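Here is the structure we will look at.
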Amino acid sequence: MPVLREIDVFKWLVVVAVIVVVSGLMSPGLARRLRLGRLPGDVRFTVRGRVFHFPFTTTILFTLVAWAALRIF
């Protein structure tokens, strides 16, 4: 089992921080263009005037993108 050094942990933290910052800055415009949150498989329903939204497909898409980005680094 490989031992994680401090530099490896720091590299992971930097990658995660960059992904969070970039996705936070780009999310409003990018979400509109890519229809994120409105993909097939994202569930949205209304009960007594309240809207409930469960973005299952969008979550899987983001997970795959994050996994691929982490595999590259």
Side-chain angles (χ1 to χ4, degrees):
M1 185 160 131
V3 177
L4 286 177
R5 298 177 308 208
E6 288 181 23
I7 191 73
D8 293 334
V9 174
F10 181 71
K11 185 172 33 170
W12 279 98
L13 288 174
V14 168
V15 168
V16 170
V18 167
I19 290 172
V20 168
V21 169
V22 169
S23 66
L25 292 174
M26 295 179 61
S27 64
L30 189 62
R32 268 184 261 124
R33 279 190 230 129
L34 296 178
R35 296 179 27 113
L36 296 176
R38 289 177 275 159
L39 296 173
D42 291 342
V43 179
R44 179 182 215 162
F45 58 92
T46 305
V47 175
R48 296 184 185 176
R50 297 187 80 178
V51 177
F52 295 94
H53 183 73
F54 300 99
F56 296 118
T57 305
T58 302
T59 303
I60 292 170
L61 179 67
F62 278 143
T63 302
L64 290 174
V65 168
W67 174 81
L70 291 174
R71 293 289 292 176
I72 290 171
F73 296 109

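Note that the coordinates shown come from a computational prediction; the quantities given were computed from them, not determined experimentally.
Annotation: side chain to side chain contact (heavy atoms under 4.5 Å, CB included) contacts of Val21 (sequence neighbours excluded): Leu25. Residues meeting the side chain to side chain contact (heavy atoms under 4.5 Å, CB included) test with Phe52, sequence neighbours left out: Phe45, Val47, Arg50, Phe54. The side chain to side chain contact (heavy atoms under 4.5 Å, CB included) search around Val20 returns Val16, not counting sequence neighbours. Listed by chain and number, the residues in a side chain to side chain contact (heavy atoms under 4.5 Å, CB included) with Ile19 are Val15, Ala69 (sequence neighbours excluded).
If you take NZ on Lys11 and CG on Leu70, they are separated by 11.0 Å, rounding to the nearest 0.5 Å.
Shown here is Arg44, whose CZ atom has no more than 12 heavy atoms of other residues, nucleotides or ligands within 6.0 Å.
Each side chain to side chain donor-acceptor pair (under 3.5 Å) pair with one or both residues in residues 59-69, not counting sequence neighbours, would appear here, but there are none.
Other residues sharing a hydrophobic cluster with Leu64 under the 4.5 Å side-chain heavy-atom criterion for ILVMFWY residues are Ile60.
For the residue pair Asp42 and Phe56, the shortest heavy atom distance occurs at OD1-N, 3.2 Å. Considering all non-hydrogen atoms of both residues, Leu39 and Thr58 come closest at CD1-OG1, 3.7 Å.
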